[in-house]
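Data first, discussion second: the structure below is written as structure tokens.
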Amino acid sequence: MSTGLKFDAGGSRGIDNLYRKSVFVERRARALELVAPRGGESIIDIGCGPGYLSADLAYGVGPTGKVAAFDQSPDMLALAQVRCDGLEQVLFDEGSAESLPYEDSAFDAALSTQVFEYVPDVAKATEEVARVLKARGRAVILATDWETLVWHNSDPARMRKVMSAWDEHLSDPFLPRRLGSIFDKSGLILDRVVPYTMVEHHYDANTYSYGMLRNIQSFSVGRQGVTEDEAEAWAQDLVALGNAGQHFFSVSQFFFVGRKG
């Protein structure tokens, strides 16, 4: 559901690898706690990606429940099908979050993590969440505010330039600031906003920032005036600091937790 990144077979495998990192494992646990799946329920996972949360939700609702694993990328759905193999309560559908292919009042809960900032019409997507939820159905939507990024570096001006280019991979890199008001207009009641901050203080191949560094480097070239040499210098600076034991990375995300009135 991206305006800038391609979730083809290679990109999907990259996302799958990122989702194995500890910060994502912890985030999934928090998401599951907030959506609180119950036996026999029907839950939609919007932008299911490689299917980690879909599988967890399937165990939560049990064999009498249903999980709709929904994504716009067929390559992501292929990974999700492998991950959910043997979980017959998981169904897979492809399409846009702005037009969900489900009947009104079909689900007890809806969950979406780090997806809505990629959607061009967030208001329409949120209205779709409200439409497919049953009365008092639960909604949990996670979005990132990329201006909260803190990444130790030696050239703040260059960092701002590269991250400004990276913002172009999203429809709205600052979505949490207006998502609450969108909830209010969509037919959902916002009960609370729960922060989740990804923090890494060491640098190695098992960290989220390690995987993101090269993605950001390659994406930023040619955007916001970032040259290939600048992007390479930016990356090498972060690698050098990391190898010197001076790595620090954090970015804040926010769970918007609500319900259908």
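- Ring centroid separation for the pair Tyr208 and Phe249 comes in under the 6.0 Å cut-off.
- By the 30° and 60° cut-offs, the orientation of the rings of Tyr196 relative to Phe255 is perpendicular.
- When side chains are defined from C-beta on, Arg38 does not count as touching Asp108, because their heavy atoms never get closer than 4.5 Å.
- By the 4.5 Å heavy-atom criterion applied to side chains, Asp204 and Tyr210 are not counted as neighbours.
- Side-chain contact between Phe183 and Ile141: present, with at least one pair of heavy atoms (C-beta onward) separated by less than 4.5 Å.
- Using modelled atom types, one finds no donor on one side chain facing an acceptor on the other under 3.5 Å when comparing Ser186 with Glu127.
- For the pair Thr113/Arg30, no side-chain contact is recorded, criterion being any heavy-atom separation below 4.5 Å from C-beta on.
- For the pair Ala130 and Lys260, the tightest heavy-atom approach, listed with the atom from each and the gap, is O-NZ, 2.9 Å.
- The shortest non-hydrogen separation linking Gln89 to Ala58 is NE2-O, 3.0 Å.
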side-chain contact (heavy atoms from CB on, under 4.5 Å) evaluation trace for Arg27 with Leu142: CA-CA 10 Å; Arg27 192 181 76 179; Leu142 175 79; 3.4 Å; yes
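- Environment of CD in Gln246: crowded, with over 12 heavy atoms of neighbouring residues, nucleotides or ligands closer than 6.0 Å.
- The closest side-chain heavy-atom distance from Phe70 to Ser54 is not below 4.5 Å.
- In this structure, Arg223 contributes its side chain and Asp167 its backbone to no donor-acceptor pair below 3.5 Å.
- Between Val239 and Arg214, the closest side-chain pair of non-hydrogen atoms falls below 4.5 Å.
- Counting only heavy atoms from C-beta outward, the side chains of Arg178 and Asp172 approach each other to under 4.5 Å.
- Heavy atoms only, all atoms of each residue included: Val251 and Asp145 are closest at CG2-O, 4.0 Å.
- Annotation: the span from Arg158 atom CZ to Glu230 atom CD amounts to 8.0 Å, rounded to 0.5 Å.
- In terms of heavy-atom proximity, Val61 sits nearest to Pro37 at CG1-CB, 4.2 Å.
- Minimum heavy-atom separation, Val35 to Ala110: CG2-O, 4.5 Å.
- Residue Trp151 is tested with Trp166, Phe248, Trp234 for a ring-ring contact (aromatic ring centres under 6.0 Å, His included); the sole match is Trp234.
- Side-chain atoms of Val257 and Arg138, non-hydrogen and from C-beta on, never get closer than 4.5 Å to each other.
- Tyr118 and His169 have perpendicular rings, their planes meeting at more than 60° on a 0 to 90° scale where under 30° would count as parallel.
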